[in-house]
Amino acid sequence: MSEEKRLKIAIQKSGRLADMSLQLLEKCGIFLEKSRDQLLCRAQNFPLDIFLVRDDDIPAFLSTDVCQLGILGQNALLEKQALGNGKFNGLKQLLPLGYGKCRLSIAVPHDFTYDSITSLKGKVIATSYKGLLSQYLAKQNIKADIVTMEGAVEVAPRTHLADVICDLVSTGNTLTSNGLAEKDVILHSQAVLATNQIMDLEIKLLADKITSRIKAVLRAENSRYIMLNSPTDSLEAIKAVLPGSQSPTVMPLQGRDDMVAVHAVCEEGVFWDTMEELKANGAKSILVVPIEKMLD
Ligand code: ATP
Ligand code: ZN
C-alpha cells in the first residue's frame, strides 16, 4: 500500500505571527497532535504536517519544496526575492491574511533634516532589509551606504553606526522611544499565505483545499449576519444602507402589514453609525451577529 501523501506548511514558531497563524489553521478545522515545542506537528484530521520555524527560513523551506505552503510576512518573502539570486523567484503569494500588518519605513533622528528621499544621498542607512532598500533607492536614483544589521536596528543612529534606519514599524512606539521619526514608507506589509510551484497533483489538491478553507475563514471573520424589522415602505432605503450585502432575505412578519423582517450577510464591518442610520430609516430590533463559517 502506498503511503498517504501529506501537504507541508511552514509557519513561524514564535514571534508576532506565530499565534495568529496557528489559530488560523485551527479555524480551518486542523487539529494538531504534538506540542508546539517541536519542529514538526502532524495534523490529526487532515493530511497536513506543520513545520514550526523562523520566519526568515520559510522562503527556503518553500523553494526547496520541504514545504509547499508557508505563512510569513510579505516583507520577508519580498526581501528574499529582492536579494535577487533567483532562488525564490518561483514563490508566489496566494492570499493576504489581514494580520501582522506593518510598514518598512525610513526613520531618522530628530536632528536629521529630511526633505525627501534625496536627503539620503551619501548617507549611511542601517537595515535588515538590504534587498528591498537597495531596490527602492535604485528606483529613485539615490546612492547611499547600507549597513546590514540582524536586529536592534533602531539603536544604530545613537551608536553612530548609521545616520538613519530602514526598519519595520507597526505602532511607531519603538521609533519614538529611540528618538526617531518615520519619514517614508518603502513597503506596506502583512502576513500572507505563500506557495511554491506544486507539481504533485494530490498535494496541489490538498493545498487548494486549505487555501479555500482559509479564504472562507477570512470572509466569515469580516462578515456579519444582520437581522432587523423594516417598515414596508422604507425597505428600499434600508437595503441601500446595509453595507456590502447583495440580496437580503425579506420575510413577512406575522400579523403585520406595515413591517417586514430583513436578514442579510454583510461582507463589511457593521459599525454603530450604520446601525444608527438603519434606525433613522425606521428599522427596529436590529441584531448584528458574527458568522462562524461560510462556504459558497
Ligand atoms: P523569528 O525568530 O521567527 O526570526 P523575528 O524576530 O524575525 O522572528 P517577528 O519580530 O516575530 O520576527 O516578526 C515577524 C513578522 O511580523 C515580520 O516579518 C513582519 O512581517 C511582522 N510584523 C508586524 N509588525 C511588526 C513590527 N512592528 N516589527 C517587526 N515585525 C512586524
Ligand atoms: Zn526573523
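Just so it is clear, the structure is predicted and the values come from calculations on it, not from any experiment. Values below: all heavy atoms of this structure, side chains included; hydrogens, waters and symmetry mates excluded. Counting starts at 1 for both ligands and their atoms, following the listed order. Position 1 is the first residue of the sequence, and the numbers go up from there.
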Atom pairs and distances, donor-acceptor, side-chain atoms in residues 261-268, under 3.5 Å, two or more places apart:
unit_1 : atom_1 : unit_2 : atom_2 : d
H263   : ND1    : Y225   : OH     : 3.2
E267   : OE1    : R219   : NE     : 3.3
E267   : OE2    : R219   : NE     : 3.4
E267   : OE2    : R219   : NH2    : 2.7

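- In this structure, ligand 1 sits under 4.0 Å from heavy atoms belonging to Q12, S14, G15, R16, L17, R54, D55, D56, G73, N75, G100, K101, C102, L168, V169, S170.
- No more than 12 heavy atoms of other residues, nucleotides or ligands shown are found within 6.0 angstrom of CG on D257.
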For Q12 and I71, run side-chain contact (heavy atoms from CB on, under 4.5 Å): C-alpha distance rounded to whole Å, both residues' side-chain angles, the deciding distance at 0.1 Å, then the answer. CA-CA 7 Å; Q12 194 189 26; I71 295 180; over 6 Å; no
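- Between R6 and E4 there is a salt bridge, since at least one side-chain N of the basic residue sits less than 4.0 Å from a carboxylate O of the acidic one.
- Pairs of residues two or more places apart, or lying in two chains, that qualify as side chain to side chain donor-acceptor pair (under 3.5 Å) and include a residue from residues 175-196 are D65-N196, N75-S189, R103-E182, S105-E182, Y114-D184, R158-N178.
- The distance cut-off of 2.8 Å around the Zn ion (ligand 2) captures these protein N, O or S atoms, sorted by chain and number: D55 OD1, D56 OD1.
- In the model, Y129 has no side-chain atom that pairs as donor or acceptor with a side-chain atom of S134 under 3.5 Å.
- Formation of a donor-acceptor pair under 3.5 Å by the Q44 side chain with backbone atoms of F31 is not found in this model.
- Open room surrounds NZ on K130; 12 or fewer heavy atoms of other groups in view lie less than 6.0 Å from it.
- Placement of L69 and V217 within a single hydrophobic cluster is found when ILVMFWY residues are connected by side-chain heavy-atom separations under 4.5 Å, directly or transitively.
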